[in-house]
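Working notes, structure below.
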Protein chains: 2
Amino acid sequence: MLTTVEDATGAFIRKFEQMVELDAADIRAIRALAFTAGTIRSGQHLVREGDVVETCWLLLGGYACRQKTSRNGNRQIVSFHMTGDLLDLQHLMLPVADHSIQAITDLSVACVSTAALRALARERPAIGEGFWRDTLIDASIYREWVLNIGQRDAKSRIAHMLCEFAVRREAAGLGAPERFDLPMTQQQIADATGLTPVHVNRMLQTLGAEGVIERDGRRVAIVDWERMRRVADFEPAYLHLAA
Amino acid sequence: MLTTVEDATGAFIRKFEQMVELDAADIRAIRALAFTAGTIRSGQHLVREGDVVETCWLLLGGYACRQKTSRNGNRQIVSFHMTGDLLDLQHLMLPVADHSIQAITDLSVACVSTAALRALARERPAIGEGFWRDTLIDASIYREWVLNIGQRDAKSRIAHMLCEFAVRREAAGLGAPERFDLPMTQQQIADATGLTPVHVNRMLQTLGAEGVIERDGRRVAIVDWERMRRVADFEPAYLHLAA
DNA sequence: CGTAGGTTTGACTGATCTCAAGTTTGGTGG
DNA sequence: CCACCAAACTTGAGATCAGTCAAACCTACG
């Protein structure tokens, strides 16, 4: 896993070069950022609902999720995050967190003050636009999740979540989408799809029995991508991956 | 209903003054925008999924919704919009629409090119930050909807939607939150909450029978706001209304 | 090995959906 | 002003997908 400040700077630059045109001055400004590298244990919270957030986490390795809790204690995971994701850009403009961020595996992270990023966004408009664009893609993904949870049945919902995970994983440079290790438990899949873990388990078995996926522990192989896409009703346009 | 370009400019300035500090130059730049005023009939689409969007709609009167459609034709409404809302800010950075926008009542609107707003955001950083902040609040609302649809039962879901509508309506200066006319049909409430219209109808009756709301046609009165808030599990922090 | 967390299974329950038939409402043209 | 029509709302009965509860089985790790 990456753990140094140089790694953080490099990851940051790579991410935003895919999204907007950076000139030499932009890159110099990013290199000047004061990152602090560190690690976080699985299960720990990076942000808690209600916190006033003054630092921004860059994920260098591992998986995290955003979640909200209803009064009666039910947890809803609203997104998963992976290597390269900037977790707190919205807190540059909305300092009070309306959700928590939790590590679902051990994490390698870098940390930088929101004030520094806010200043960077003002001074280097290309970077500011990159930040905005990044949060707009998050919003597009939330819209798709609303559709997924609101309209699709349990099997499609889970299949859709797996497709999204596979495609984003690939886009983040973490390997081919046909075969991968799931970092999340079935309980977490349930919390992300609005189902119970028992039902997630049964639906995963169904997807296996139908020959769409193969499973071995947490390892998942999408055997028939075209059929998987149909079962999931998955159209990746909402991820806005093509710049 | 407001219908002139001056109205549009005024509405725009009022909205962003609540959100960020605008100086005289900012306000001059907004006044220089080339708005076109117009009206839209209920049911018409302002944007369709897949469109390349080059104009931005400002809602001066009436109600609209954002929606996405699953392969089998099910519609999910992902947000409602009302007077003062800027409907297409995300298209400044993501030109291809990943969702549709439809009028749910007759609308009075103003229209301005996304290129002009993009230039404005670059030249006047305070306005750019206002745009960003606005879209971040949208994203926060989507997160709450994911929680609402994923974790709450039918009665709470509908109650939550009504609370949000009431509070946003008040914040938009459209009147007190205790009594209002719903612009949407029960079918549209169903599409927004991931329920069937039949079940929405029954739950509205239940809320009425329990004495939490009173209904007369589309007119709704929240009789007991405290109890309503509890039933809905409604915590307005996610609306980020306090600047 | 022992233990805790994660996964799997079975039997039963229930919230929400489906289908189908009224009933009411609001707008329109005569 | 009334009659008509379409859309919206309401009601009932029966079906089903997903939830609940409880137990057993893995498996990774100390």
Self-check item: For atom NE2 of B:His199 and atom C1' of D:dT16, their distance in whole Å
Solution: 14 Å
Practice problem: Using atom CG of A:Asp191 as one end and atom P of D:dG19 as the other, report the distance to the nearest whole Å. | Solution: 11 Å
Drop me the distance from [X]'s [atom1] to [Y]'s [atom2], to the nearest 0.5 angstrom.
X: A:Trp145; Y: A:His160; atom1: CH2; atom2: NE2; answer: 10.0 Å
X: B:Asp85; Y: B:Lys15; atom1: CG; atom2: NZ; answer: 4.5 Å
X: B:Leu46; Y: B:Arg66; atom1: CG; atom2: CZ; answer: 10.0 Å

Exercise. Anything under 30° is parallel, anything over 60° is perpendicular, the rest tilted; go ahead and classify A:His91 against A:His99.
Key: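 Ring orientation of A:His91 relative to A:His99: parallel.
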Exercise. Answer yes when A:Asp191 and A:Arg75 have at least one side-chain N-carboxylate O distance shorter than 4.0 Å, and no when they do not.
Key: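 Salt bridge flag = yes for A:Arg75 with A:Asp191.
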Practice problem: Please list, chain by chain and in numerical order, all residues satisfying ring pair (Phe, Tyr, Trp, His ring centres under 6.0 Å) with B:Tyr63, sequence neighbours excluded. | Solution: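 Counting only residues at least two positions away or on another chain, B:Tyr63 forms a ring pair (Phe, Tyr, Trp, His ring centres under 6.0 Å) with B:Phe165.
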Quiz item: Donor-acceptor pair, A:Thr114 side chain versus A:Glu54 backbone, under 3.5 Å?
Solution: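 Confirmed, A:Thr114 side chain pairs with A:Glu54 backbone.
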Quiz item: Has the side chain of A:Ser140 got a donor or acceptor atom that lies under 3.5 Å from a matching backbone atom of A:Tyr238?
Solution: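 Answer holds: yes.
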Practice problem: Would you mind classifying the nucleic acid contact of B:Gly43 as base, sugar-phosphate or nothing, using non-hydrogen atoms under 4.0 angstrom? | Solution: nothing
Self-check item: Outermost nucleotides of DNA chain C that come under 4.0 Å of a non-hydrogen atom of chain A
Solution: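 For DNA chain C, the relevant span reads C:dG6 to C:dA11.
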Report all interatomic pairs (protein N or O, nucleotide N or O of nucleotides 7-13 of chain D) with separations under 3.5 Å.
unit_1, atom_1, unit_2, atom_2, d
D:dC9, OP1, B:Arg218, NE, 2.9
D:dC9, OP2, B:Gln186, N, 2.8
D:dT10, OP1, B:Arg215, NH2, 3.3
D:dT10, OP2, B:Gln186, OE1, 3.4
D:dT10, OP2, B:Gln186, NE2, 2.7
D:dT10, OP2, B:Asn201, ND2, 2.1
D:dT10, O5', B:Asn201, ND2, 2.9
D:dT11, OP2, B:Gln205, OE1, 2.3
D:dT11, OP2, B:Gln205, NE2, 2.7
D:dG12, N7, B:Arg202, NH1, 3.2
D:dG12, O6, B:Arg202, NH2, 3.2
D:dA13, N6, B:Arg202, NH2, 3.1

